[in-house]
Amino acid sequence: GEWDIVSEAGKASQKVKYLAWGSFYAEDLHASAADGENRKKRRKRRSEGSSAAPRVDAVILARGNLLLLYTPNSNAVAKKVSMSSPVTAMAWTSQEDGLLVAATADEVVALDASANIVFTTKLPSSMTSTPLSGISVMPSSSSTISIILASNAITKLDIATPISEASTATFGPTQQVGVEPVRKLLALDAHQFIIGEEQARVASIWRTMDNTASSFEMVASVPIPTLSNVHTLALSPENSELFILAETGEI
């Protein structure tokens with residue numbers, strides 16, 4: 001697919017800052033604003049376990065305070081979602097039938113597989129001095145979804161499931177992870193995740209800690225065999241290989 005990201009009037013200089021992939025209900029992506037009642041009926045059918053609705057992969061672009069969803073078979077925006085302020089980080093998880101978690105300067109928002117906002121919580125003051133630059137949802141089979149949030153520090157957000165605006169949100173303590181802000185954050189399993197810091201030539205593996213003085217502990221450091229800093233990180237689908245893109249373009 002190839003998309004032309006057309007700027008809105010008066011916002012020609014506003015660039016796309018973040019990108020994620022997600023899987024959404026095809027019928028909801030293209031539904032009009034007047035289709036609210038039909039959307040409610042579809043959600044009811046799905047909650048009763050009777051949904052066989054087709055899904056479609058979509059790329060989600062964050063530009064300013066808008067999330068723009070594009071599908072591979074369309075050259076136009078399939079759906080726009082407005083946020084309260086510019087998006088600073090986002091991530092997709094297949095948990096809870098599919099959730100897109102996005103952060104702004106002062107809150108964390110979750111969107112469901114219909115690309116509707118279903119949960120919002122304010123960030124603690126300890127995480128608002130520097131915009132969040134990384135989000136990773138930890139794989140879990142429990143009644144809680146755990147999300148690692150990173151800027152120049154990290155914290156864990158636990159949200160009770162099923163996700164709704166009534167879900168309880170609990171933030172853990174904030175912990176510094178290094179000198180530089182976190183540029184990329186990737187979950188490995190239910191307790192471990194990988195961090196790539198800005199202006200760094202290593203990736204570090206961390207794990208969450210329970211009932212200890214520290215919330216997180218670094219368990220390994222992965223040196224990058226280049227003379228350039230880490231630009232971004234990616235994991236293979238089986239989490240067996242780590243790919244690192246350096247600022248020189250080397251992988």
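Computed from a predicted model, the values in this text were never measured in an experiment. When reading the values below, keep in mind they use all heavy atoms of this one structure, side chains included, and skip hydrogens, waters and symmetry mates.
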Hey, any chance [X] and [Y] share a hydrophobic cluster, counting ILVMFWY side chains that come within less than 4.5 Å of each other, even indirectly?
X: M127; Y: V108; result: yes
X: L66; Y: Y70; result: yes
X: I224; Y: L245; result: no
X: L69; Y: M90; result: yes
X: L185; Y: L188; result: no

Does the side chain of [X] reach to within under 4.5 Å of the side chain of [Y], using non-hydrogen atoms?
X: S85; Y: D106; answer: yes
X: D112; Y: I163; answer: no
X: W206; Y: V219; answer: no
X: V182; Y: V177; answer: yes
X: F171; Y: S126; answer: no

T120 and E165: side chain to side chain contact (heavy atoms under 4.5 Å, CB included), yes or no, with the steps?
-> CA-CA 7 Å; T120 305; E165 285 294 353; 3.6 Å; yes
Can you name the nearest heavy-atom pair linking [X] to [Y], along with the distance?
X: A102; Y: M83; result: CB-CE, 3.9 Å
X: L19; Y: V59; result: CG-CG2, 3.6 Å
X: L235; Y: A187; result: CD1-O, 3.5 Å
X: I117; Y: S82; result: CD1-O, 4.1 Å
X: L100; Y: A20; result: CD1-CB, 4.4 Å
X: S142; Y: S140; result: OG-OG, 2.9 Å

Exam field: side chain [X] to backbone [Y], donor-acceptor pair closer than 3.5 Å:
X: E107; Y: T121; result: no
X: Q95; Y: M138; result: yes
X: R55; Y: S23; result: yes
X: Y18; Y: L61; result: no
X: S236; Y: S240; result: yes
X: K79; Y: S114; result: yes

Would N65 and V87 count as a side chain to side chain contact (heavy atoms under 4.5 Å, CB included) if you check the C-alpha gap in whole Å, the side-chain angles of each, and the deciding distance to 0.1 Å?
-> CA-CA 6 Å; N65 64 340; V87 176; over 6 Å; no
Ionic contact status for E247 with R183, cut-off 4.0 Å | yes
Pair up each side-chain donor or acceptor in residues 144-159 with any protein partner under 3.5 Å, not counting sequence neighbours, and list the distances.
from: S146; atom 1: OG; to: D158; atom 2: OD1; distance (Å): 2.6
from: T155; atom 1: OG1; to: G172; atom 2: O; distance (Å): 2.8
from: T155; atom 1: OG1; to: P173; atom 2: O; distance (Å): 3.3
from: K156; atom 1: NZ; to: D158; atom 2: OD1; distance (Å): 3.3
from: K156; atom 1: NZ; to: D158; atom 2: OD2; distance (Å): 3.1

Would you give the length of the straight line joining atom [atom1] of [X] to atom [atom2] of [Y], rounded to the nearest 0.5 angstrom?
X: H231; Y: I251; atom1: NE2; atom2: CD1; result: 11.5 Å
X: S167; Y: E96; atom1: OG; atom2: CD; result: 8.0 Å
X: Q175; Y: S215; atom1: CD; atom2: OG; result: 6.0 Å
X: M218; Y: R207; atom1: CE; atom2: CZ; result: 12.0 Å
X: Q192; Y: S136; atom1: CD; atom2: OG; result: 12.5 Å
X: L123; Y: L132; atom1: CG; atom2: CG; result: 5.0 Å

Verdict with supporting geometry, L233 and F243, side chain to side chain contact (heavy atoms under 4.5 Å, CB included) = CA-CA 6 Å; L233 310 172; F243 295 86; over 6 Å; no
Residues that E198 engages under salt bridge (Lys or Arg N to Asp or Glu O under 4.0 Å), provided they are two or more places apart | none
Going by the angle between their ring planes, with limits at 30° and 60°, are F216 and F193 parallel, tilted or perpendicular?
-> perpendicular
Quick one: do V101 and V137 satisfy side chain to side chain contact (heavy atoms under 4.5 Å, CB included)? Show the steps, please.
-> CA-CA 8 Å; V101 182; V137 184; 3.9 Å; yes
With respect to I60, which candidate in L67, V81, L111, L68 satisfies the side chain to side chain contact (heavy atoms under 4.5 Å, CB included) definition?
-> L67
Partner of I205 by side chain to side chain contact (heavy atoms under 4.5 Å, CB included), out of I194, L186, I195 | I194
